Amino acid sequence: MRMAFTLDDLPVYPHLALPDGHTPVSVAARIIDALDRNGVSGVFALANSWPLDTDPELARILDDWVAAGHHVGNHTHSHPLLNDVSAEEFNHDVSVADALLERWTCKAPLRVFRHPLELWGNTEDKRVRVNAHLEALDYHCAGVTSWFYEWEWDRAWRHLLQTGRADEAEALKSEFVDYVAAQVAHDAATCKTVFGHDLVAIGLIHPVAFFTEVADKFFERLFAEGVSFVPLAEALQDPAYAQSGTSVSDAFLVYQNKVALAEGRHLDAVPPTHKACLERVFELATPLRPPRRGILVQNMRPWPNGWEGSRP
Ligand SMILES: [Zn+2]
């Protein structure tokens with residue numbers, strides 16, 4: 001199967017503290033090196049521009065990313081959640097990022113936007129006004145068909161390290177890679193269920209320290225599973241991806257599950273074979289998870305809908 005690999009929230013992933021010895025620059029550098037070692041090129045990073053306001057030195061991360069042959073797209077300035085803000089606030093945030101990221105986005109083969117948490121608008125008014133703004137700025141919206149909750153795996157891994165359980169922390173790495181293989185297969189199947197044909201998958205990872213520990217194993221395993229990595233533009237050629245932003249919802253779901261939900265179908269977010277594994281990871285992550293807020297709090301229901309409350 002083919003997959004376009006993407007990275008969200010460069011240059012600084014805001015929701016997690018980095019472990020000692022890691023910095024946003026070192027995490028990005030290790031991901032760039034892993035992509036290079038594994039021959040994965042032309043990867044889109046959907047970037048937030050707020051770090052450029054707080055520390056202009058962080059621009060170096062985006063410079064290095066583009067110098068390594070990868071691309072930058074717009075993921076808003078401050079990562080507002082469309083469930084929580086007005087269309088005007090959101091559109092302003094998009095425009096701020098549009099201006100601040102322009103020096104990198106202008107070098108990309110495609111103008112790409114990704115909604116924070118893939119939230120397209122929880123009211124019709126927001127959905128329409130945000131879509132109109134993105135269209136006016138000539139953005140292609142890139143959905144996500146596979147994400148891997150690596151932000152929770154990162155918390156679980158750090159919690160195990162902090163509590164002296166180094167062996168368990170190490171074991172988490174191969175458990176993650178096994179789970180990723182299952183999630184990719186699960187998502188390919190749900191895409192086929194929803195759209196009636198195989199899609200070029202769109203995978204997503206965030207720049208967290210845990211991923212830098214497992215990146216080589218991650219790519220090796222996906223290659224072994226028959227995955228080949230292709231440009232995002234190749235994925236977005238499929239008309240199946242034209243449904244981004246077409247439904248009103250407050251749900252945190254991957255693309256195909258959101259399209260299915262608009263049609264009244266609730267599909268499993270994670271492979272049934274790995275629910276117990278993920279429940280344990282979420283449990284281990286709990287001490288390091290920040291308090292939830294807004295609609296995500298209300299969405300926190302017992303399993304299985306609890307996945308929708310896992311904020312990346
Ligand atoms: Zn994001």
Side-chain angles (χ1 to χ4, degrees), residues 1-9 13 16 27 30-40 43-46 114 118 142-160 168-192 198-230 232 235 252-257 267-285 304 306-308 310-312:
M1 70 174 287
R2 289 174 294 164
M3 175 184 283
F5 182 72
T6 64
L7 194 76
D8 272 8
D9 298 357
Y13 185 70
L16 296 175
V27 167
R30 290 183 74 183
I31 293 175
I32 289 170
D33 287 348
L35 292 171
D36 188 44
R37 275 195 302 277
N38 290 282
V40 183
V43 173
F44 262 92
L46 288 310
R114 177 169 287 151
E118 267 290 273
V144 179
T145 61
S146 284
W147 58 50
F148 306 109
Y149 303 97
E150 75 284 352
W151 55 93
E152 299 286 0
W153 289 81
D154 183 281
R155 291 181 182 120
W157 170 68
R158 284 184 295 127
H159 173 66
L160 289 170
E168 284 179 76
E170 190 60 28
L172 223 47
K173 297 176 187 176
S174 49
E175 288 171 41
F176 176 71
V177 169
D178 286 342
Y179 152 69
V180 162
Q183 184 72 57
V184 166
H186 173 83
D187 292 330
T190 54
C191 280
K192 192 156 189 175
D198 291 323
L199 261 59
V200 177
I202 302 179
L204 165 64
I205 285 285
H206 295 78
V208 298
F210 178 72
F211 183 69
T212 69
E213 296 278 322
V214 296
D216 286 323
K217 283 182 178 165
F218 171 92
F219 289 117
E220 277 164 26
R221 181 58 181 269
L222 289 181
F223 289 135
E225 297 289 328
V227 173
S228 60
F229 290 95
V230 301
L232 180 59
F252 170 56
L253 292 172
V254 288
Y255 181 73
Q256 66 276 18
N257 289 35
L267 303 178
D268 279 337
V270 300
T273 49
H274 285 69
K275 282 182 178 176
C277 162
L278 282 168
E279 279 179 319
R280 178 174 161 266
V281 168
F282 274 53
E283 180 120 10
L284 286 169
W307 302 113
E308 294 161 26
S310 170
R311 176 181 174 152

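What you are looking at is a predicted structure, and each value in this text was computed from that prediction instead of being measured. The figures here come from the full heavy-atom set of this structure, side chains too, leaving out hydrogens, waters and symmetry mates.
- Closest non-hydrogen pair, Glu118 versus Leu253, comes out as CB-O, 4.1 Å.
- Across all non-hydrogen atoms, the minimal contact from Ala4 to Ala235 is CB-CB, 4.3 Å.
- Note that the CG atom of Leu284 and the CZ atom of Arg158 stand 12.5 Å from one another [nearest 0.5 Å].
- Glu170 meets the salt bridge (Lys or Arg N to Asp or Glu O under 4.0 Å) test with Lys173; sequence neighbours excluded.
- Annotation: ring-ring contact (aromatic ring centres under 6.0 Å, His included) contacts of Phe210 (sequence neighbours excluded): Trp157, Phe176.
- Side-chain contact check for Ser146 and Gln183: no donor-acceptor pair (N or O, by modelled atom type) lies under 3.5 Å.
- Heavy-atom minimum distance, Pro271 versus His186: CA-ND1, 3.6 Å.
- Between the CG atom in Leu7 and the CG atom in Leu46 there is a gap of 8.5 Å [rounded to 0.5 Å].
- The distance from atom OG1 of Thr273 to atom CG of Asp268, rounded to the nearest 0.5 Å, is 10.0 Å.
- Of all non-hydrogen atoms in Glu150 and Val208, the two that sit nearest each other are CG-CG2, 3.8 Å.
- Side-chain contact check for Phe218 versus Asn38: every heavy-atom pair is 4.5 Å or farther apart.
- Residues forming a side-chain hydrogen bond (donor to acceptor under 3.5 Å, both in side chains) with Asp8 (at least two apart in sequence, or on another chain): Arg114.
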**OP:** Would you check, one step at a time, whether the test side chain to side chain contact (heavy atoms under 4.5 Å, CB included) holds for Leu172 with Arg280?
**Re:** CA-CA 11 Å; Leu172 223 47; Arg280 178 174 161 266; 4.1 Å; yes
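- Looking at Arg155 and Glu152, a side-chain N of the basic residue comes within less than 4.0 Å of a carboxylate O on the acidic one, giving a salt bridge.
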**OP:** Take Phe148 and Phe211 through the test ring-ring contact (aromatic ring centres under 6.0 Å, His included) and record every step on the way to the result.
**Re:** CA-CA 10 Å; Phe148 306 109; Phe211 183 69; 8.8 Å; no
Original post:
Could you go step by step and tell me if Tyr149 and Val281 meet the side chain to side chain contact (heavy atoms under 4.5 Å, CB included) rule?
Top reply: CA-CA 9 Å; Tyr149 303 97; Val281 168; over 6 Å; no
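- Considering all non-hydrogen atoms of both residues, Trp153 and Cys277 come closest at CH2-SG, 3.8 Å.
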Original post:
Which is it for Phe229 and Leu222 under the side chain to side chain contact (heavy atoms under 4.5 Å, CB included) test, yes or no, and what are the steps along the way?
Top reply: CA-CA 9 Å; Phe229 290 95; Leu222 289 181; 3.9 Å; yes
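- Between Trp147 and Phe252, the two ring planes are parallel [angle under 30°; tilted spans 30° to 60°].
- Ile202 contributes atom CD1, which lies 11.0 Å from atom CZ of Phe44 (distance to the nearest 0.5 angstrom).
- Taking CD1 of Ile31 as the reference point, atom NE2 of His206 lies at 10.5 Å (rounded to 0.5 Å).
- More than 12 heavy-atom neighbours from other residues, nucleotides or ligands sit within 6.0 angstrom of CD on Glu225.
- Of all heavy-atom pairs spanning Met3 and Gly203, the tightest one is CG-N, 3.8 Å.
- Phe219 has its ring centre less than 6.0 Å from the ring centre of Phe5.
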**OP:** Begin from the C-alpha positions of Thr145 and Val254 and carry the test side chain to side chain contact (heavy atoms under 4.5 Å, CB included) through to its verdict.
**Re:** CA-CA 5 Å; Thr145 61; Val254 288; 5.6 Å; no
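- Applying the salt bridge (Lys or Arg N to Asp or Glu O under 4.0 Å) test to Arg2 and every residue at least two apart in sequence or in another chain returns Glu234.
- Ring pair Tyr13/Trp151: centre-to-centre distance not below 6.0 Å.
- Remark: Asp198 pairs with Lys192 by the salt bridge (Lys or Arg N to Asp or Glu O under 4.0 Å) rule, at least two apart or across chains.
- Legend: residues meeting side-chain contact (heavy atoms from CB on, under 4.5 Å) with Glu220, ordered by chain and number and at least two apart, are Asp216.
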